[in-house]
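Accompanying notes for the structure given below.
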Amino acid sequence: MSARGSRPAAGGAVDGLAPCAFGICDGSGFVVDEATNTASDCRCRPLQLANARARSLEARIPRKYRDVAFDRWPVTAISPPVVDEVRRFCHRVGENLDEGRGMWLVGDSGTGKTTLAMLVSKAAIEAKRTTAIYSMPRLMAVLREAIDTEEGLLGLLDRLATVDLLHIDDLGAEHRTDWVLEQIYSIVNTRYEDQRSIVITTNNMPAELEEQIGRRTVSRLIEMCGDPLPLFGTDNRQEYQPDRDVA
């Protein structure tokens with residue numbers, strides 16, 4: 001079958017469409033055979049569909065964290081063993097996401113948990129993986145708002161379940177209700193069953209987190225992410241200087 005037709009030269013893209021990840025189609029997700037006037041799915045079609053489903057989720061790195069890097073402050077001032085673990089995860093982010101490996105960071109406020117988690121999300125986005133980034137209070141607000149939309153709550157939960165990486169900040173900071181516990185369990189359990197990665201930050205150790213979100217949910221997080229990476233100490237948030245270079 002010919003790949004002529006809708007495909008511009010060298011796997012380029014038609015205006016308004018993202019380039020084909022494999023350089024085959026015009027970004028539409030279809031390959032046209034001019035001889036038979038038929039179209040077939042391109043290899044990039046599943047990726048195109050996943051991107052479309054994830055498009056309305058919050059997938060951008062917040063402005064405060066857009067310039068984070070392993071060789072810049074404040075990362076250079078964070079516990080080296082923890083930073084090394086995150087660095088290894090990022091270096092193999094594609095393999096880790098394919099295998100559903102996650103990561104969680106636990107500790108005091110202002111010790112760098114969110115900064116390191118953003119490095120993981122940044123690596124996933126740079127690897128062209130679908131990513132959703134939420135603080136836990138924000139995620140709960142979005143879920144409540146979805147109840148009255150055309151898509152509905154189940155539609156939003158389905159999209160949250162299918163992104164390559166779900167990043168949740170401040171897990172355990174939400175107000176505990178039966179409805180909240182049900183939604184958190186649903187999100188975590190679906191990703192657990194589908195072997196999809198999750199990255200979380202929390203101020204609570206596992207035993208404390210069990211009290212907040214339930215033992216079943218924490219058990220699944222431990223299996224998905226392994227032991228939490230600890231970051232305890234003084235709150236350095238007041239000293240955060242994005243443009244500061246540290247030798």
Starting from the C-alpha separation in whole Å, work towards a yes-or-no answer on salt bridge (Lys or Arg N to Asp or Glu O under 4.0 Å) for Asp71 and Arg87. CA-CA 11 Å; Asp71 61 352; Arg87 193 195 310 270; over 6 Å; no
With a 4.5 Å cut-off on side-chain heavy atoms, are [Y] and [X] touching?
X: Asp84; Y: Arg88; result: yes
X: Leu160; Y: Leu139; result: yes
X: Ile198; Y: Met224; result: yes
X: Met136; Y: Thr201; result: no
X: Val75; Y: Thr115; result: yes
X: Ile133; Y: Leu166; result: no
X: Ile125; Y: Ile61; result: yes
X: Phe232; Y: Met205; result: yes

Any donor-acceptor pair under 3.5 Å linking the side chain of [X] with the backbone of [Y]?
X: Glu193; Y: Val188; value: no
X: Asn96; Y: Arg92; value: yes
X: Thr190; Y: Ile187; value: no
X: Lys122; Y: Val68; value: yes
X: Arg215; Y: Ala207; value: no
X: Thr149; Y: Ala146; value: yes
X: Arg191; Y: Val163; value: yes
X: Glu85; Y: Val83; value: no

Once rounded to the nearest 0.5 Å, what's the spacing between atom [atom1] of [X] and atom [atom2] of [Y]?
X: Thr202; Y: Leu209; atom1: OG1; atom2: CG; result: 4.5 Å
X: Met118; Y: Lys64; atom1: CE; atom2: NZ; result: 10.5 Å
X: Leu229; Y: Ile78; atom1: CG; atom2: CD1; result: 11.5 Å
X: Leu231; Y: Thr114; atom1: CG; atom2: OG1; result: 10.0 Å
X: Tyr65; Y: Leu119; atom1: OH; atom2: CG; result: 11.0 Å
X: Asn203; Y: Glu208; atom1: CG; atom2: CD; result: 9.5 Å

Answer yes or no: does atom [atom1] of [X] have more than 12 heavy-atom neighbours from other residues, nucleotides or ligands under 6.0 Å?
X: Ile222; atom1: CD1; answer: yes
X: Asp194; atom1: CG; answer: yes
X: Arg66; atom1: CZ; answer: yes

Let's go through Arg220 and Glu223 carefully: what are the C-alpha distance in whole Å and the side-chain angles of both, what is the deciding distance for salt bridge (Lys or Arg N to Asp or Glu O under 4.0 Å) to 0.1 Å, and is it a yes or a no? CA-CA 5 Å; Arg220 283 157 175 76; Glu223 186 169 339; over 6 Å; no
Determine, stepwise, if the pair Val106 / Asn204 fulfils side chain to side chain contact (heavy atoms under 4.5 Å, CB included). CA-CA 6 Å; Val106 60; Asn204 301 315; 5.6 Å; no
Heavy-atom closest pair, residues [X] and [Y]:
X: Asp108; Y: Lys113; value: O-NZ, 2.7 Å
X: Met140; Y: Ile184; value: CE-CG1, 4.2 Å
X: Ala123; Y: Val93; value: O-CG1, 4.0 Å
X: Val82; Y: Leu116; value: CG1-CD1, 3.7 Å
X: His167; Y: Ser121; value: ND1-OG, 2.7 Å
X: Arg196; Y: Ala161; value: CD-O, 2.9 Å

Any luck finding a side-chain donor-acceptor pair between Asp170 and Ser135 under 3.5 Å?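 No, because no side-chain N or O of Asp170 sits under 3.5 Å from a partner of the opposite role on Ser135.
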Arg176 vs Gln212, test: side chain to side chain contact (heavy atoms under 4.5 Å, CB included). Steps then yes/no. CA-CA 7 Å; Arg176 177 188 168 107; Gln212 184 67 16; 3.8 Å; yes
ILVMFWY cluster, Leu181 and Tyr185 together (side-chain gap under 4.5 Å):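 No, because Leu181 and Tyr185 fall into different hydrophobic clusters, even though each may have its own neighbours under 4.5 Å.
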